[in-house]
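Let me begin by presenting the structure, written as C-alpha cells, before commenting on it.
Values reported hereafter were calculated over all heavy atoms of this structure, with side chains retained and with hydrogens, waters and symmetry mates removed. Predicted, not measured: the structure shown is a model, and the values here were computed from it. Below, chains carry the letters A, B, ... as their sequence lines are ordered, and counting in each starts from 1.
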Protein chains: 4
Amino acid sequence: MASLKSRLEHSVTAIALRSYLAEFISTFFFVFAAAGATMSSRKMMPDAASDSSSLVAIAVANAFALSVTVYISANISGGHVNPAVTFGMVVGGHISIPMAIFYSISQTFGSVMACLLLKATTAGQHVPTHAIEHEMTGFGGAVLEGVMTFALVYTVYVASNLRPVSAGAIGPLAIGLIAGANVLASGPFTGGSMNPAYAFGSAIVGGSFKNQAVYWVGPLFGAAIAGILHDNVVCPAPVPDSFRGNADGVGV
Amino acid sequence: MASLKSRLEHSVTAIALRSYLAEFISTFFFVFAAAGATMSSRKMMPDAASDSSSLVAIAVANAFALSVTVYISANISGGHVNPAVTFGMVVGGHISIPMAIFYSISQTFGSVMACLLLKATTAGQHVPTHAIEHEMTGFGGAVLEGVMTFALVYTVYVASNLRPVSAGAIGPLAIGLIAGANVLASGPFTGGSMNPAYAFGSAIVGGSFKNQAVYWVGPLFGAAIAGILHDNVVCPAPVPDSFRGNADGVGV
Amino acid sequence: MASLKSRLEHSVTAIALRSYLAEFISTFFFVFAAAGATMSSRKMMPDAASDSSSLVAIAVANAFALSVTVYISANISGGHVNPAVTFGMVVGGHISIPMAIFYSISQTFGSVMACLLLKATTAGQHVPTHAIEHEMTGFGGAVLEGVMTFALVYTVYVASNLRPVSAGAIGPLAIGLIAGANVLASGPFTGGSMNPAYAFGSAIVGGSFKNQAVYWVGPLFGAAIAGILHDNVVCPAPVPDSFRGNADGVGV
Amino acid sequence: MASLKSRLEHSVTAIALRSYLAEFISTFFFVFAAAGATMSSRKMMPDAASDSSSLVAIAVANAFALSVTVYISANISGGHVNPAVTFGMVVGGHISIPMAIFYSISQTFGSVMACLLLKATTAGQHVPTHAIEHEMTGFGGAVLEGVMTFALVYTVYVASNLRPVSAGAIGPLAIGLIAGANVLASGPFTGGSMNPAYAFGSAIVGGSFKNQAVYWVGPLFGAAIAGILHDNVVCPAPVPDSFRGNADGVGV
C-alpha cells in the first residue's frame, strides 16, 4: 500500500498529466456534441422539448460522441469521460483517490470550456441545462439518473474486463450505445445526463443550478453500486494487475 | 445424460446464480430503455402512435439497449435477455430445462421491476403495453412476432457459432440491430416485442393483458423453429462443447 | 477450368443447397425489414413521402437489416443478399454462373415471400413499390441506382479482401451502413433500392412494374463496374483461393 | 531526407496512383451521401432547415458514409477522404507534401463530381452549400469548424495508432461517428462540414462561395493543431515506421 505522498507523486508524473489532458479533451468533445445537439434542436424547433425527432438527435449525439471520446482516451487514461465513472473506479479500487480528483477536475473543466465555446461561437444562444420534469420529485429524478448511471458504469466494468479478448474492441461502442439508449428512455423526464461534469458545465454556463444535486447524488450512488456489484458478486474473478493506461477503464 | 437431480443441483451453483443475476440485470436495463423510450415519445407527443420519429426513437432504443445488454451478460450467462431466446436454446439442447426456467424467471422479474421503476420515478406516467393494430387478427400478429423472433434467435445462433473467430466480436451488435430493424418494420402493427418477458412486464404494470398470448405463442414458435433450422439444416457441423458461460449464447 | 456439367453438379451439393437456403433467409429478412419499415411509416403518416423522419426510419431499417443479414449468411454463402452483388461477384470470377443463377433465384424468392407475408399479416396494407421522382428521367434514375450499387458492391469487395485481418469483423456492418447512407441520399428520388430482388418482390406484390427496368439495369451495371475496377485497378494483388463459403463475399 | 525530385517520383508510382484513385472514390461517395441526404431532406420538407428530423437524416448520412468510405480506402491510401485530414497528416510528417497535394486534388475532384452527378440525375435540384447562421460571425464559424475538425483529425490519429491492436478494427467507425456527432451539434450553425473538399464541391456546383473561407481556414487550423498535440504531447511514443498504405491513416 503506497503512502499518500507517493500516491500524490504518482499523480503528477508525465504519464499522469497526459491522462488528465486526455480526459479534458474527451469530456470537452463529448459535452460539445451532447450540449450542441440540444442547442441545434432548440434552434431549429423552439418547441423541441415536445418533439421526438429532437430526442433522437440528442440521443444519437450522446451515443456517437461518447463512443468516440471513450475510444480516443481509452489507451491513455482508461476512457472515463465522466466523474461518475471515475468514482465507480475508485470504489472498485482501480484508480487512486488523488488521481481520481485530478481526473474529475479535468473532466469538469473540459465540460465548462465546451459549454463556453458553444455559447461564444453561436452568437449567444442559450446553453440548455438539465432539468427534471415538473411533476417529478427530485428524489425520483435522482433514482432515475442513478439507475441509468449504474448501467453505464457496469458496462464500463464489463468492457474493461473484456479488454484482452476480441470483444474488447467494441467496448467503447457499447458504452456510447447504453448512454444513447438511456437518453431515449429519460429525455423528457431528467434529460439523461448520467454525468456530473456535463450537468455542472451546462449549469454554470446556462446559469441555473436548480436540481443540480439530482445530477450528482444519483449518478455517484449508481456508479458506486455498479462497481461493488460487478467486482464482488457478478464477476469476482481476480482481474490481472497489468493494464496499459494509468487507470482502469476501457483501454483498448 | 445427467439425472434430473444433478441437473437441478447444477442450477443452483454459485456460477448458475450469477447467470440468473446477469440475466436479471440485462433484461432490466433492456426493458428500461425500450419501454422508457416509448414513454418518452408519448410524453413528448401524445399522438406519438402516428409519428415516424417516435418509431425511430423506440427502434433505436431497442437496438442500442439490446446490443449492450447482450454484451454485458454474454460472458456470464450467454446473453439471452429474452425467454424466447432461452427457449430457442433449450430446443437446440444448449441449456438444460431447469436452468432455462430460472433464466426465464429472472428475465421476467427484471422486466417487471424495470416497468415498476419507470412508473414510480416518472410520477405515474402510463407504462405502454404492446398492442396489435385494430384491423389485424391475433393470428396475424402472432405470425409477425414469430417471424421476427425467428430472425432474432437465428442471429443469436450464428453469433454463438462465430464466437471463436474475430467476427464474434460484433455478435451482440448484430443481435441488437436485428431487433431494431424489426421494430421499425412492425411498430404500428404489433409494436415489435419479440420478447415475452418484455410483453409480460409492460402488461402487468400497464394493466392490460389483451392479446398477451400473441406475444408468447408467436415468439416461442419462431424461436424453436430458428433453433431447429439452424442446427439441423443450415449449420449441421458439430459445435465444440467447451464454452465459457453457463449456457450457450453470444458469450464474447 | 471445370466443365459445365461439373459446375452444375457443384451447384447441387449439400453445401451449395445450404448456401441457397442462407441467401433465401437473409434476403427474406432484409426485405421484410426494409419494406416493413416503409409500410410502418406510411401507416403512421399517410403523407410519409414528405417527411424526413420517415426517411430516417427507412434508411436505418435498411442499414441495420442489411448488416445483420449479411452477417448471418456470410460464413455459409458469402452474404450477398442481392442479385446485383452476386452479379458483381460473377464478373470478378468469384462465383460460377450456374451457382449465381441459383443464388439469384433464392434471393428473389425470399424477397417475394417477405412482401407476401407483410401483406398477409398486416390485414392487406399496401406493399409500397420503388418509384422514381416524377420530374426525373428513367435514365437519371438508373444512373443514380447504378452509382449507389457501385458503392455497395465495391464495399463488399473490400470487406471480402479484409476477411483475414481483424478489420474483416466489421465488414457486414460497413455493407449495411453504405446501404443506409445511400437510402438517405436518394430516398425521394429513386427510393434507394440497389437490389433487383427487393425491387422485383415489392413490384410483384405491390402490383406495379412501372420503371422496374431502372432497378435492374442500373444496379447490374454498377455492380459489374465495381467488380472490374476493384480487382483490376485498385486492388490487383492476387487474392488467396481458399475461402470458407461456397462463394466469395464477406464470409466472416 | 529524400530530395524533392525523388519525392515527386514517389508520387507517381502505380501504388501512389491507386491511392489517389481510392481517395477520389471515397470522397465521391462520402459527398454523394452527405450532400444527397441534405437534398433529400429539402425535397421532402422545403422548410427542412427548421426540422430536427432533417438534422438526424443528414448527420446519420455523414456518419454512415464517412465510416464506410474511410473503411474502403484505409488499406490503399490511409483513408483520409478530406484535405483537412491530409493536411493534419502533413503536419505530423506522415505523408509527403507532393503526395498530399495529389491527395487533396483527388478529394476535391471527387467532391465536385459527386455534386455534379446529384444535380444531373435529380432533374436539376439545387445542391445546397454550407452556410453559417446569419447572426454568427465568420470568425465564430471558423472556430466552430476548426474545433470539430480537431476532434475528427485527433480521432484519425488515435485510430491510426491503434491499428496493430484489435481496437483498430473499429477505427473507421469511430471516425464516422465523431463526424455525425459534430453535424448534430453544429447543423443549424455552420452545417458541420469539417471538410474543405466537400465545402468546395457543393459551393462550385451550388453556385455560392459566400463564407467559403470559413470552411478552409477553420478545418486546416484545427487539423494542424490536432496533429501537433497528439504526436508531441498526448502520445509522444515513437510510431513504427512500417505501414501498409502509402500514407498514414486508419489503414486496417
Name the option with the most non-hydrogen atom pairs under 4.5 Å to chain A; the candidates are D:Ala63, D:Gly140, D:Ala142.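 Ranked by heavy-atom pairs under 4.5 Å with chain A, first place is D:Gly140.
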Flag the one option from D:Val147, D:Leu229, D:Ile132, D:Thr190 with the top tally of heavy-atom pairs under 4.5 Å to chain A.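 Sorted descending by pairs with chain A, the first entry is D:Val147.
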Considering only heavy atoms, which portion of [X] lies under 4.5 Å from any heavy atom of chain A: side chain, backbone, both, or neither?
X	value
D:Val56	side chain
D:Ser186	backbone
D:Ala59	neither
D:Ala179	neither

D:Phe189/A:Leu118 under side chain to side chain contact (heavy atoms under 4.5 Å, CB included): CA gap, chis, key distance, verdict: CA-CA 10 Å; D:Phe189 303 117; A:Leu118 282 168; 6.0 Å; no
Where [X] and [Y] come nearest, the two heavy atoms and their spacing:
X	Y	result
A:Tyr71	D:Ala159	OH-CA, 3.9 Å
A:Met44	D:Asp51	SD-O, 3.6 Å
D:Ala185	A:Ser40	O-OG, 2.9 Å
D:Cys235	A:Ile76	SG-CD1, 4.0 Å
A:Ile72	D:Thr155	CG2-OG1, 3.7 Å
D:Leu184	A:Ala61	CD1-N, 3.5 Å

When you look at A:Phe32 and D:Asn182, which way does the side chain to side chain contact (heavy atoms under 4.5 Å, CB included) test go after all the steps? CA-CA 8 Å; A:Phe32 174 83; D:Asn182 282 339; 3.7 Å; yes
Output the option from A:Ala37, A:Ala14, A:Ser73 having the highest count of non-hydrogen pairs under 4.5 Å with chain D.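 Heavy-atom pair counts peak at A:Ala37.
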Roughly how far apart are A:Gln125 CD and D:Glu133 CD, rounded to 0.5 Å?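 So the gap between those two atoms works out to 6.0 Å.
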With a 6.0 Å cut-off (strictly less than), is the heavy-atom count around CZ of D:Phe209, excluding the residue itself, greater than 12?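 More than 12 heavy atoms, drawn from other residues, nucleotides or ligands, come within 6.0 Å of this atom.
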Is the count of non-hydrogen atoms from other residues, nucleotides or ligands lying under 6.0 Å from D:Phe221 atom CZ greater than 12?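 Result for CZ/D:Phe221: open.
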Given side chain to side chain contact (heavy atoms under 4.5 Å, CB included), test A:Leu173 with D:Leu177 step by step and report yes or no. CA-CA 10 Å; A:Leu173 198 57; D:Leu177 298 186; 3.8 Å; yes
Does the pair A:Ile25 and D:Val234 meet the rule for a side chain to side chain contact (heavy atoms under 4.5 Å, CB included), with working shown? CA-CA 10 Å; A:Ile25 292 174; D:Val234 185; 4.2 Å; yes
Are side-chain N/O atoms of A:Ser54 and D:Ser52 paired as donor and acceptor at under 3.5 Å?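 Distance-only check passes for A:Ser54 and D:Ser52.
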With a 4.5 angstrom heavy-atom cut-off, which part of A:Leu117 approaches chain D: side chain, backbone, both or neither?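 It is the side chain, since no backbone atom gets that close.
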